A.B. asks: 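Encoded as structure tokens, here's the structure I'll be asking about.
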Amino acid sequence: MTAAPHDSLTVEDLREMYRIMLLGRRFTERALELAWEKRLPVGLHPSAGQEAVGVGACYGLRPGDWVLPSLRTTEAFWTRGVTVLQMFNAVMGNSGSINSGKESFHHSGYPELGILAGTAMVGAQIPESVGVGWAMKMKKTDDVMVCFFGDGAAGRGDFHEGLNLAALLKVPVVFVCENNLYFQTVPGTVGQPIADIAERAAAYAMPGEVVDGQDVLAVYDAAQKAADRARAGGGPTLLECKTYRFMSHYPLMLEDSRPPEEVAHWKKRDPITILGRRLEEMGYQDAATARAVEDEILEEIERSFEKCAATPFADVSTAFANVYAEPLEDMGP
Amino acid sequence: MRNLELRAAIREALVQEMRRDETVHLFGEDVAYYGGILGVTKGMLEEFGPDRVMDTPISESGFAGMAVGAALMGLRPIIEMQFTGLITVAMDQLVNTGAKARYVHDGAMSVPMVVRSPHMMHGNAYMSQALEAWFTHIPGFKVVTPSTPADAKALMITSIRDPDPVLYVEHEDLYGVIGPVPEESEGAPLGRASIRREGSDVTVVAWLAMVPVADAAASELAAEGISVEVIDPRTLVPFDSERVLQSVRKTGRLVIVHEAVRRGGFGGEIAAMVAGSDAVSHLKAPIQRVANPGVPVPHAKGLNRAVLPDEDDVIAAVKRALD
Ligand SMILES: Cc1ncc(C[n+]2csc(CCOP(=O)(O)OP(=O)(O)O)c2C)c(N)n1
Ligand SMILES: [Mg+2]
């Protein structure tokens with residue numbers, strides 16, 4: 001058997017992947033509690049259940065690489081180094097937010113961490129990512145662009161236009177479709193006449209692969225291979241990570257249209273448990289160390305929220321800044 | 001100074017900027033091998049090669065989004081929308097991905113891109129639309145509307161060097177207009193209107209192909225002893241409000257001419273600006289707007305002429321203002 005990319009990950013790497021996934025889960029849970037208590041705006045699309053996709057696809061990235069998260073790729077932020085305080089501040093929209101409160105966290109960009117703010121228009125980031133890849137190629141770097149989107153986005157014309165352009169121009173882009181089997185309330189079978197969106201890659205003469213999105217190491221392996229190919233000039237890849245969200249689409253949508261048996265079935269494939277078990281089998285983690293990781297996360301979350309709650313909102317003049325590079329001399333009629 | 005056609009003036013600006021700055025890229029449909037359906041980019045593929053002058057698939061949304069991504073990474077893409085009607089297909093990428101990127105990154109990222117929007121008003125109901133007002137409505141976009149070869153070149157240079165998305169409107173009827181164009185240019189500032197003709201009785205504000213139409217109307221009216229001032233704002237965002245207000249204070253009469261549909265057109269904004277300023281007290285007559293009254297642009301010559309403003313419409317409006 002040839003070595004898989006994850007074979008070269010260290011124990012520390014695996015523990016870190018576990019920690020980031022657990023952090024994502026606990027942050028989401030706490031942010032929702034705080035939202036119900038009206039101490040935080042309801043500002044997130046919960047990624048719970050899908051943590052392995054963002055962590056697996058971003059863990060091996062290097063400085064110089066860029067990512068464009070979808071509305072739900074919270075783990076792209078964590079993996080690239082956004083702090084808990086920054087995330088809380090972004091949800092709150094206070095002066096500590098990376099954009100001073102102009103957008104919530106899922107539309108926030110952290111240029112220094114290689115994260116571009118994704119638009120709210122599902123799928124529009126796909127052509128945008130091709131342009132990022134084109135610039136990387138023109139500058140003769142070996143950087144890659146990782147573009148995340150949901151299964152629903154694969155119904156957009158921008159998916160077709162973007163993948164077609166990406167293949168024609170051989171840009172270093174890894175397309176990561178997070179197929180959580182639903183787009184908002186609607187099952188994927190209503191959105192796609194095929195079982196595997198990855199199959200569409202063939203239509204663009206690009207490699208496509210179905211990946212177990214609950215297994216962070218499987219995602220890591222697929223993403224690393226795709227990134228290596230892109231860095232070497234081999235062009236784009238479409239990865240379809242099969243996954244499932246454990247919560248509703250958006251916290252305010254209380255009713256879940258999905259069959260309870262289906263939800264229960266997928267909850268048995270919790271990405272955090274899957275990696276946790278593997279760590280235990282390898283002797284790298286036991287109940288006590290897992291508890292310690294968890295405690296540290298919970299403590300950091302509380303500490304960060306306290307700081308966030310004590311952070312003032314930006315002066316309202318901020319709302320009017322940075323529309324243009326220089327404010328218009330004459331705002332016009 | 002040598003004379004150039006406006007089409008060649010635009011091309012010269014593109015070529016000079018691409019020579020000066022290798023981050024400037026041009027893409028769109030038919031722009032490379034054929035040199036643009038309206039011939040603006042002829043010869044550029046040969047000089048700059050297929051990476052920098054690129055024929056794209058028919059993917060207006062795709063290449064508009066691609067331009068935004070490339071601009072965010074430090075390239076300066078110029079995209080040609082072939083005909084303005086086609087811009088409707090790319091609106092999400094331009095209005096959302098493009099125009100909001102600086103704001104949502106709180107100034108940390110820039111989108112230095114130019115969207116070339118060629119008005120081709122004698123074609124069909126779909127392609128022949130004048131949609132510049134849509135973009136004046138979008139915070140983050142600048143809107144440039146040149147009418148002379150010299151302005152076309154200078155404002156293209158400025159648009160390319162501008163750190164924000166610019167809608168650069170071209171007009172097919174003006175491509176053949178000939179005028180003096182400096183060989184060397186460092187661009188011209190946006191937001192400076194030009195007085196095309198000085199006058200004292202009526203102010204006419206017109207842009208793009210309506211500038212020569214207004215000017216011709218003014219010549220005819222001059223023969224009747226009516227003195228018309230023609231102002232070409234040159235850019236709608238930013239807009240040179242003061243130049244227009246000054247003129248209205250002087251003449252007390254205002255006619256606004258554009259090919260875009262009157263309802264929701266930029267002329268309404270100019271009228272509202274005057275109405276909301278001190279210049280209103282100088283008005284001796286109601287403000288007149290000459291525009292498409294609100295119908296799709298028809299194909300047949302006669303119908304087309306009936307819908308779009310022409311010299312006679314401008315003359316009639318000036319006379320109404322003088323009544
Ligand atoms: C173009 C567009 N249409 C509709 C919406 C409203 N909307 C927000 S999220 C969403 C579902 C997205 O589904 P998918 O792409 O599968 O991502 P998921 O939410 O499942 O992660 C919809 C329809 C939108 N934001 N953008
Ligand atoms: Mg989905």
Side-chain angles (χ1 to χ4, degrees), chain A residues 66 68 97-103 107-112 116-121 123-139 143 145 147 156-158 160-166 168-169 171 173 314 318-319 321-326 328-333, chain B residues 22-23 25 51-52 54 56-75 77 89 92-93 96-98 100-110 112 136 139-140 142 162-164 191 236-242 244 266 268-274 276:
Chain A
W66 283 84
L68 254 169
S97 147
I98 187 80
N99 52 44
S100 316
K102 287 174 170 157
E103 260 300 354
H107 303 309
S108 292
Y110 296 79
E112 266 151 39
L116 280 173
T119 102
M121 304 299 149
Q125 69 273 35
I126 300 174
E128 184 186 4
S129 73
V130 178
V132 173
W134 179 246
M136 288 168 165
K137 186 168 166 166
M138 288 300 100
K139 291 178 183 169
D143 299 331
M145 167 77 217
C147 178
R156 292 278 323 272
D158 273 356
H160 166 66
E161 293 191 15
L163 268 70
N164 190 44
L165 278 163
L168 284 164
L169 301 177
V171 289
V173 178
T318 306
N322 292 320
V323 179
Y324 296 94
E326 299 287 337
L328 297 184
E329 253 176 70
D330 182 338
M331 287 293 277
Chain B
E22 64 172 23
T23 65
H25 283 232
D51 280 346
R52 293 184 65 201
M54 188 200 295
T56 64
I58 301 177
S59 298
E60 287 77 10
S61 180
F63 70 72
M66 188 180 136
V68 174
L72 284 164
M73 292 297 116
L75 297 188
V89 182
D92 169 45
Q93 291 295 352
N96 297 316
T97 320
K100 295 177 184 30
R102 173 182 299 283
Y103 190 74
V104 303
H105 289 95
D106 204 20
M109 300 297 283
S110 296
T136 68
K142 293 178 180 169
D162 196 280
D164 290 308
L236 303 184
V237 180
F239 188 81
D240 191 347
S241 307
E242 197 43 44
V244 173
F266 198 69
E269 286 300 319
I270 297 172
M273 168 190 73
V274 171

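Quantities reported herein were computed from a predicted structural model and do not represent experimental measurements. Each chain gets a letter, A, B and so on, in the order the sequences are listed, and its residues count up from 1.
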A.B. asks: If I measure from the heavy atoms of chain A, does B:Leu72 come under 4.5 Å with its side chain, its backbone, both, or neither?
C.D. replies: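 It is the side chain, since no backbone atom gets that close.
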A.B. asks: Between A:Val323 and B:Gly140, what is the shortest heavy-atom contact and its length?
C.D. replies: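 In terms of heavy atoms, the two residues are closest at CG1-N, 3.5 Å.
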A.B. asks: Of all the heavy-atom pairs spanning B:Gly62 and A:Leu165, show the shortest one and how long it is.
C.D. replies: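 Minimum heavy-atom contact is C-CD1, 3.5 Å.
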A.B. asks: Less than 4.5 Å to any heavy atom of chain B: does that hold for the side chain of A:Ser129, its backbone, both, or neither?
C.D. replies: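 Looking at A:Ser129, nothing touches chain B.
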A.B. asks: Rounded to the nearest 0.5 Å, what separates atom CE in B:Met66 from atom CD in A:Glu128?
C.D. replies: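 The CE atom of B:Met66 sits 12.5 Å away from the CD atom of A:Glu128.
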A.B. asks: For B:Asp106 and A:Ser100, what are the C-alpha separation, side-chain angles and deciding distance, and is it a side chain to side chain donor-acceptor pair (under 3.5 Å)?
C.D. replies: CA-CA 7 Å; B:Asp106 204 20; A:Ser100 316; 2.5 Å; yes
A.B. asks: Let me see the working for A:His107 and B:Val104 under side-chain contact (heavy atoms from CB on, under 4.5 Å), right down to the final yes or no.
C.D. replies: CA-CA 8 Å; A:His107 303 309; B:Val104 303; 5.8 Å; no
A.B. asks: Check each atom of A:Glu103 against the heavy atoms of chain B and say whether the ones under 4.5 Å are side chain, backbone, both or neither.
C.D. replies: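 The answer is the side chain of A:Glu103.
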A.B. asks: Counting only non-hydrogen atoms closer than 4.5 Å, does A:Leu68 touch chain B with its backbone (N, CA, C, O), its side chain (CB onward), both, or neither?
C.D. replies: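 Answer is neither: A:Leu68 stays 4.5 Å or more from chain B.
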A.B. asks: What option among B:Glu242, B:Arg102, B:Glu269 has the most heavy-atom pairs under 4.5 Å with chain A?
C.D. replies: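 Most heavy-atom pairs under 4.5 Å with chain A: B:Arg102.
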A.B. asks: For A:Ala325, is it the side chain, the backbone, both or neither that has a heavy atom under 4.5 Å from a heavy atom of chain B?
C.D. replies: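 Looking at A:Ala325, backbone and side chain both touch chain B.
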A.B. asks: Quick check on A:Ala314 against chain B: is it the side chain, the backbone, both or neither that has a heavy atom closer than 4.5 Å?
C.D. replies: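 Interface part for A:Ala314: neither.
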A.B. asks: Could you check A:Val132 against B:Met73 for side-chain contact (heavy atoms from CB on, under 4.5 Å), going step by step and ending with a plain yes or no?
C.D. replies: CA-CA 6 Å; A:Val132 173; B:Met73 292 297 116; 3.6 Å; yes
A.B. asks: If I measure from the heavy atoms of chain A, does B:Asp164 come under 4.5 Å with its side chain, its backbone, both, or neither?
C.D. replies: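 Side chain of B:Asp164 only, per the 4.5 Å heavy-atom cut-off to chain A.
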A.B. asks: Report which part of B:Lys142 has an atom under 4.5 Å of a heavy atom belonging to chain A: side chain, backbone, both, or neither.
C.D. replies: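 Its backbone and side chain both get close to chain A.
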A.B. asks: Between B:Pro139 and chain A, with a heavy-atom cut-off of 4.5 Å, which part of the residue counts as in contact: side chain, backbone, both or neither?
C.D. replies: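 Contact with chain A: backbone and side chain both.
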A.B. asks: May I have the step-by-step check of side-chain contact (heavy atoms from CB on, under 4.5 Å) for B:His25 and A:Trp134, ending in yes or no?
C.D. replies: CA-CA 11 Å; B:His25 283 232; A:Trp134 179 246; 3.4 Å; yes
A.B. asks: B:Pro57 versus A:Leu168: any side-chain heavy-atom pair under 4.5 Å?
C.D. replies: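 The answer is yes, as the side chains (C-beta and beyond) meet within the 4.5 Å cut-off.
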A.B. asks: Taking atom CG of B:Leu75 and atom CE of A:Met136, what is their separation to the nearest 0.5 Å?
C.D. replies: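 Nearest 0.5 Å value for the CG-CE distance: 11.0 Å.
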A.B. asks: Which atoms of A:Ile126 come close to chain B, meaning under 4.5 Å heavy atom to heavy atom: side chain ones, backbone ones, both, or neither?
C.D. replies: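 No part of it gets close to chain B.
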A.B. asks: So, for A:Ala124 and B:Gln93, which heavy atoms are closest and what is the spacing to 0.1 Å?
C.D. replies: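 Smallest heavy-atom distance, with atoms named: O-NE2, 3.0 Å.
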A.B. asks: Could you check if a side-chain atom of A:Tyr324 sits within less than 4.5 angstrom of a side-chain atom of B:Asp162, using non-hydrogen atoms only?
C.D. replies: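 The answer is no, as the side chains (C-beta and beyond) never meet within the 4.5 Å cut-off.
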A.B. asks: Is there side-chain contact between B:His105 and A:Asn99, with heavy atoms separated by less than 4.5 Å?
C.D. replies: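 Answer no - side chains too far apart.
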A.B. asks: Which region of A:Lys137, side chain (C-beta onward) or backbone (N, CA, C, O), has a non-hydrogen atom less than 4.5 Å from a non-hydrogen atom of chain B, or is it both or neither?
C.D. replies: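 Neither part, no heavy atoms under 4.5 Å.
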A.B. asks: Answer with yes or no whether the side chains of A:Thr119 and B:Asn96 bring together a donor and an acceptor at under 3.5 Å.
C.D. replies: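 No, no side-chain donor-acceptor pair sits under 3.5 Å.
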